[in-house]
Structures are given as C-alpha cells and as structure tokens.
Amino acid sequence: MNSDNDLQIAGDLLEVPHLLQAPREHPATVADFVGLARSIAADRSQWAHLVQYDATSRWYHRLRTGPGYEVWLLSWVPGQGSGLHDHGRSSGVLTVLEGTLTERTERGTRALGVGAQRVFAPGYVHEVVNDALEPAVTLHVYYPGLTEMPMYTACTARETHDEVDVVTA
C-alpha cells in the first residue's frame, strides 16, 4: 500500500541536491544539439527578423556561439546550392526552417521540408540545393565550430556513411 510513509522513507529528493544531476549550461551530446536546433527553430523571434535574401550568393549569419559550437542561419533563393562538400572535423545538425531543399549524397537524393533535420559526422559529403520555386531558410549547428569546408567534384568525393537521420514532420 502506498502512503505518505513511502515518501518519508525515501525522503524528499529535492532536499538531496547531490543526487540530482546538475542542468547543463550548454549542449554536450548529439541529442542536446538536435534539441538546441529545434528550440531555436520553434522560436521565430530569435531568427526571422535577421533573414535576408541575396540573388548573387547564399546569405549566412552566425546566430550564436557557445563553448566549441556555432549556430548559423542561411537563406537559399531558388537555384542556389552549396556545392558538394564536407564540414572538415565538425559534426552538425541542419534544420529546415522555411521552404524545401534537396540534399544529394552518394546514397541518393532526398527532399528536406520544413522541420526536417539532418545530423552528420565529420567527413559527411553532401550537396544541398534549392530546387524549389520559393526561398528557403536553414539553421546549422556545428561542433566544433566550422573551420573548413572542403569542396569536391563528383569524381573526388569519397564515400562516407557517417550520418544519422533525424527527420521531423
């Protein structure tokens, strides 16, 4: 039988702070970085007023930095693309905030709509293109911060399989 006596035996966990895990001030795991991207995406007031569109080149803005990571906001007008590339030693989370993009890898092609997320490890080779008729906006989290972005041709791209799908509706 459960009663208040059970609580007295166990004690009040809030009175035992050494048993509680301290909240993290900054993301530390893949799940934390995915969560960071989702929380920023959900709060349009953090990013919508910053977005600009440039017909001559992809627009980007560093939105936030933390210990070892960066958060970038990018816009893509129709026809703009990244070229085939990887992110050097950085892992990342790409989140589509507005519009639809196409991602191409050696494994195939996929459409990424609003809310879709791609999580990738260092060395993941892909190309992202706005093949749609409307602009798109994406959020990118890199850990460690992005220091290089080697470019490839289809002939020089090496096969990589260090990716994890996280696709949301």
Side-chain angles (χ1 to χ4, degrees), residues 13-54 57-76 80-101 103-107 110 112-130 135-152 157-169:
L13 292 179
L14 297 178
E15 294 296 322
V16 191
H18 66 280
L19 295 178
L20 300 175
Q21 187 175 22
R24 292 187 181 130
E25 186 176 345
H26 296 286
T29 67
V30 171
D32 290 343
F33 284 108
V34 167
L36 172 65
R38 285 183 181 164
S39 69
I40 294 171
D43 184 0
R44 292 182 59 85
S45 69
Q46 291 188 51
W47 56 268
H49 65 285
L50 298 169
V51 176
Q52 298 177 27
Y53 299 98
D54 186 335
S57 66
R58 276 185 307 133
W59 173 87
Y60 52 91
H61 171 77
R62 186 165 46 197
L63 190 60
R64 182 186 300 183
T65 61
Y69 73 90
E70 297 177 321
V71 180
W72 289 86
L73 188 61
L74 282 76
S75 71
W76 312 70
Q80 287 180 337
S82 65
L84 195 59
H85 68 282
D86 73 31
H87 303 93
R89 61 186 194 96
S90 298
S91 294
V93 179
L94 177 155
T95 304
V96 179
L97 303 176
E98 293 180 354
T100 301
L101 295 172
E103 181 189 36
R104 296 183 182 107
T105 68
E106 285 189 338
R107 290 181 165 182
R110 74 182 68 200
L112 303 174
V114 173
Q117 291 188 294
R118 298 290 294 138
V119 177
F120 51 87
Y124 177 64
V125 178
H126 70 155
E127 177 180 29
V128 180
V129 178
N130 184 350
V137 178
T138 54
L139 183 80
H140 303 247
V141 180
Y142 298 108
Y143 180 84
L146 192 62
T147 58
E148 61 180 319
M149 197 169 112
M151 302 300 291
Y152 299 91
R158 61 193 193 298
E159 185 174 342
T160 60
H161 299 288
D162 297 334
E163 66 172 296
V164 179
D165 286 328
V166 180
V167 180
T168 58

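Position 1 is the first residue of the sequence; numbering continues from there.
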Is there a side-chain contact between His61 and Gln52, using heavy atoms and a 4.5 Å cut-off? no
Would the distance check show the side chain of Ser82 and the main-chain N or O of Val128 forming a donor-acceptor pair, the cut-off being under 3.5 Å? yes
Spacing of Leu146 atom CG and Ser91 atom OG [to the nearest 0.5 Å]: 11.0 Å
With sequence neighbours excluded, give me every salt bridge (Lys or Arg N to Asp or Glu O under 4.0 Å) pair touching residues 139-152. none
Under a 4.5 Å cut-off applied to non-hydrogen side-chain atoms, are Glu106 and Val125 in contact? no
Do Ile40 and Val141 come within less than 4.5 Å of each other through their side chains, counting heavy atoms only? no
Hey, does Tyr152 have a side-chain heavy atom less than 4.5 Å from the side chain of Asp86? yes
Should the heavy atoms of other residues, nucleotides or ligands under 6.0 Å from OH of Tyr143 be counted, would the total exceed 12? no
Kindly give the heavy-atom pair with the smallest separation between Ser39 and Leu36, and that separation in Å. OG-O, 2.9 Å
When rounded to the nearest 0.5 angstrom, what distance separates OG in Ser75 from CG in Leu97? 11.0 Å
Glu103 (side chain) donor-acceptor with His126 (main chain) under 3.5 angstrom: no
Ignoring hydrogens and angles, tell me if any N or O in the side chain of Thr100 forms a donor-acceptor pair with the backbone of Gly113 under 3.5 Å. no
Is there a donor-acceptor contact under 3.5 Å from the side chain of Gln46 to the main chain of Ala41? no
Does any part of the side chain of His140, heavy atoms only, come nearer than 4.5 Å to the side chain of Tyr60, both counted from C-beta? no
Leu63 and Trp47, any side-chain heavy atoms less than 4.5 Å apart: yes
Taking the side chain as every heavy atom from C-beta outward, state whether Phe33 and Tyr142 have any atom pair closer than 4.5 Å. no
Identify the two heavy atoms, one from Arg89 and one from Pro122, that lie closest to each other, and give their separation to 0.1 Å. O-CG, 3.4 Å
Interatomic distance, Leu112 atom CG to Leu94 atom CG [nearest 0.5 angstrom]: 6.5 Å
May I ask you to check whether over 12 heavy atoms, not counting those of Tyr53, lie within 6.0 Å of atom OH? yes
Under the side chain to side chain contact (heavy atoms under 4.5 Å, CB included) criterion, do Thr95 and Arg38 qualify, and how do the steps go? CA-CA 8 Å; Thr95 304; Arg38 285 183 181 164; 5.9 Å; no
Trp59 side chain near Leu73 side chain, heavy-atom distance below 4.5 Å: yes
Here the gap from Leu84 atom CG to Arg104 atom CZ, rounded to the nearest 0.5 Å, amounts to 10.5 Å
Minimum heavy-atom distance between Ala37 and Val93, given as atom pair plus value: CB-CG1, 4.0 Å
Return the OG to OH distance between Ser90 and Tyr124, rounded to the nearest 0.5 Å. 15.5 Å
Going by salt bridge (Lys or Arg N to Asp or Glu O under 4.0 Å), name the pairs with one or both residues in residues 42-53, residues two or more places apart or in two chains. Arg44-Glu98
OG1-CH2 distance between Thr65 and Trp72, expressed to the nearest 0.5 angstrom: 10.0 Å
